There are 2 protein chains.
Amino acid sequence: MPERLQRKTAHSPTHSLSDRALADFKVGVDNVIFSVDTAQNRLLVLLVMRQEEPFLGQWSFPGTLVRHGESLEDAAYRILAEKIRARNLYLEQLYTFGGPDRDPRESAHSYGVRYLSVSYFALVRFAEAELIADGVSGIAWYPLDQVPQLAFDHNKVLEYGHRRLRNKLEYSPVAFEVLPELFTLSDLYQLYTTVLGENFSDYSNFRSRLLKMGFLSDTGVKASRGAGRPASLYRFDAEAFAPLKDKPLVFI
Amino acid sequence: MPERLQRKTAHSPTHSLSDRALADFKVGVDNVIFSVDTAQNRLLVLLVMRQEEPFLGQWSFPGTLVRHGESLEDAAYRILAEKIRARNLYLEQLYTFGGPDRDPRESAHSYGVRYLSVSYFALVRFAEAELIADGVSGIAWYPLDQVPQLAFDHNKVLEYGHRRLRNKLEYSPVAFEVLPELFTLSDLYQLYTTVLGENFSDYSNFRSRLLKMGFLSDTGVKASRGAGRPASLYRFDAEAFAPLKDKPLVFI
DNA sequence: TCAAAAGTGTTTATGCTACACCCATGG
DNA sequence: CCATGGGTGTAGCATAAACACTTTTGA
């Protein structure tokens, strides 16, 4: 997010005490975890119901505060592992939200401690992802278009995550982190349309473009789903993809 | 940066005291400020010499710790304003580095306080950017290929910044934040070659592609630099560009 | 009048788009 | 045998890549 300098009124550099009035922080990690239900063509995001103040009883992204000796990424994996059992997953840092007053705990009982949130963006395979209901808290896959008002600034976080997902889909092979290991080309196409919206491309063109790239291997196995001609099941061939890594790809 | 789950040895969820052993943080902001010297076709990055421990006397990015009531972005603008007077600048968040042991102060005198760094990516116009030498500390524009060993993990931060710069150049009109207000098309071309490396495109093709996009307006004024035919001075026309915003552009 | 830098144009190959069409299956 | 979804092919247009050429200046 670009920000433009608008002749801000700078803090006067008084070299006084205020120079050392550093804020103390707790650092939280929040995971925006996406998945796609290929059967129903729905884009899902994982929400948990908060069991503590603030925002008790509201939906939010699974998050945690960072512990002693723990890296940000470790913390991200830790809550992830608490909420979900997934065999395969993709995780990367999303954005850091750190304004004052973004967390109601700040001004309250905790002597000016600030809460900063480093958000992470994750993708998991829907079929392989087993939610861990600990019997107490709520946890649910929410269709993206039905996400309610969230705790903290999490609706803004979601915006960032969604934008990242769309970009990733276009320029990197993340789709195969979300699809089951074996998938048909229409599965792939449906995934793209549900995330990127209708009319992003013609099916047959999408198909030939992807096949020409050469990293989708036809297993020969056919999948019959109701009426119509059975489709071939494909698999993403990581070796064949390797040379294309960090080349400017377009999956449009 | 994608990270892959490698069956990490998770912290045992003992529900013991360790559950609440939250780390305390100071949060720093570090600015990776790029500029381009069009006269000499050099890509520059702003470094300051540290005046305090740790890493006293080593080069680093201008940074500061976040103060009470100050947002991350405010802090970024604050140090920026301390080091440089710029009329126009571009700033966006880059990445957050937060592993334990990234700052030697952590294990030392400050009872386990962690130091986290939110890095920002900035672009300024070389001619308009006036460095503020406060008489004490060193400050300098370093050509990217001559950057020395830096303090903290700043060499890694620089890698991130450089990658971001290259991507931004290809997909967004940031080049015009770095160029002077009036520039020739070869200035623009030189900028792209110095950042993206030789042979990213033929000059004449680059030229016609850019002109066809229609947001470069010819001022009619000619600029003569030594021998050769004088070049037209162009200006970036923000209004003409507006409709193309967030369309998938390619400036290759 | 020549070299250097700016600017124009042309040719060829490649790619995207929009279709029309054929194939295999279940009902 | 027909509706449904899977899969193939192609004509026309737009763009990219390579390169030859012209124009305008300083020396």
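A quick note: this is a predicted structure, and the numbers were derived from the prediction, not measured. Numbers restart at 1 for each chain; the letters A, B, ... are given by sequence-line order, proteins then strands. Heavy atoms only: backbone and side chains are in, while hydrogens, waters and symmetry mates are out.
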Bracket string, DNA chain C, 5' to 3' - pairs by Watson-Crick or G-U geometry under 3.5 Å, | interstrand: |||||||||||||||||||||||||||
With Arg166(B) via side chain to side chain contact (heavy atoms under 4.5 Å, CB included) - residues at least two apart: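 By the side chain to side chain contact (heavy atoms under 4.5 Å, CB included) rule, Arg166(B) matches His162(B), Arg163(B), Val195(B), Leu196(B).
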Non-neighbouring partners of Tyr203(A) that pass ring-ring contact (aromatic ring centres under 6.0 Å, His included), sequence neighbours left out: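 Expected list: Tyr189(A).
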Pairs involving residues 147-159 of chain B, ordered by first then second residue, that meet salt bridge (charged side-chain N to carboxylate O under 4.0 Å, His left out) (sequence neighbours left out):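 The answer is Arg102(B)-Asp153(B).
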Summary of salt bridge (charged side-chain N to carboxylate O under 4.0 Å, His left out) pairs that have at least one residue in residues 184-196 of chain A, sequence neighbours excluded: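 Found Asp187(A)-Arg225(A).
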Sugar-phosphate only, base, or nothing, as touched by Arg225(B) at under 4.0 Å among non-hydrogen atoms: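 The residue Arg225(B) makes no contact with any strand.
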Sugar-phosphate, base or nothing in reach of Ser186(B), heavy atoms under 4.0 Å: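 Result for Ser186(B) = sugar-phosphate.
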Spacing of Leu210(A) atom CG relative to dG7(D) atom C1', expressed in whole Å: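 Checked: the CG to C1' distance equals 14 Å.
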Whole angstrom value for the distance that separates P of dG5(D) from CG of Asp187(A):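 For the pair Asp187(A) CG and dG5(D) P, the rounded distance is 14 Å.
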Partners meeting salt bridge (Lys or Arg N to Asp or Glu O under 4.0 Å) with Arg164(B) (sequence neighbours left out):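 Glu92(B).
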Residues that Arg42(A) engages under salt bridge (Lys or Arg N to Asp or Glu O under 4.0 Å), provided they are two or more places apart: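 Arg42(A) satisfies salt bridge (Lys or Arg N to Asp or Glu O under 4.0 Å) with no other residue.
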DNA chain D contacts made by residues 211-221 of chain B, counting heavy atoms under 4.0 Å: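 Within this stretch, nothing sits under 4.0 Å of the strand.
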Contact under 4.0 Å: Tyr203(A) side-chain N or O vs dG6(D) OP1/OP2: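 No, because none of the side-chain N or O atoms of Tyr203(A) sits under 4.0 Å from OP1 or OP2 of dG6(D).
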Terminal contacting nucleotides, 5' and 3', DNA chain C versus chain B (heavy atom, 4.0 Å):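 Counting from the 5' end, contacts occupy dA4(C) to dG9(C).
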Carboxylate-amine/guanidinium contact Glu177(B) Arg125(B), below 4.0 Å: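 No, no charged N to carboxylate O under 4.0 Å.
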Of all pairs that satisfy ring pair (Phe, Tyr, Trp, His ring centres under 6.0 Å), the ones with a partner from residues 208-227 of chain B, not counting sequence neighbours: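 For residues 208-227 of chain B: Phe215(B)-Phe236(B), Phe215(B)-Phe241(B).
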Side chain to side chain donor-acceptor pair (under 3.5 Å) pairs, two or more places apart, involving residues 210-220 of chain A: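 Sorted pair list: Asp218(A)-Ser232(A).
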Option from Phe152(B), Tyr160(B), Phe61(B) for which ring pair (Phe, Tyr, Trp, His ring centres under 6.0 Å) with Phe97(B) holds: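 Exactly one candidate clears the test, Tyr160(B).
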Asn41(B) (side chain) donor-acceptor with Gln190(B) (main chain) under 3.5 angstrom: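 Judged by distance alone, no pair lies under 3.5 Å.
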Phe183(B) vs Tyr234(B), ring pair (Phe, Tyr, Trp, His ring centres under 6.0 Å): CA-CA, chis, key distance, verdict: CA-CA 5 Å; Phe183(B) 51 87; Tyr234(B) 286 80; 7.1 Å; no
Per-nucleotide protein contact string for nucleotides 17-27 of chain D (B base, S sugar-phosphate only, - none; heavy atom under 4.0 Å): BBB---BBBS-
Mutual orientation of the aromatic rings belonging to Phe121(B) and Phe34(B) [parallel < 30°, tilted 30-60°, perpendicular > 60°]: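 The rings of Phe121(B) and Phe34(B) sit tilted, inter-plane angle from 30° to 60°.
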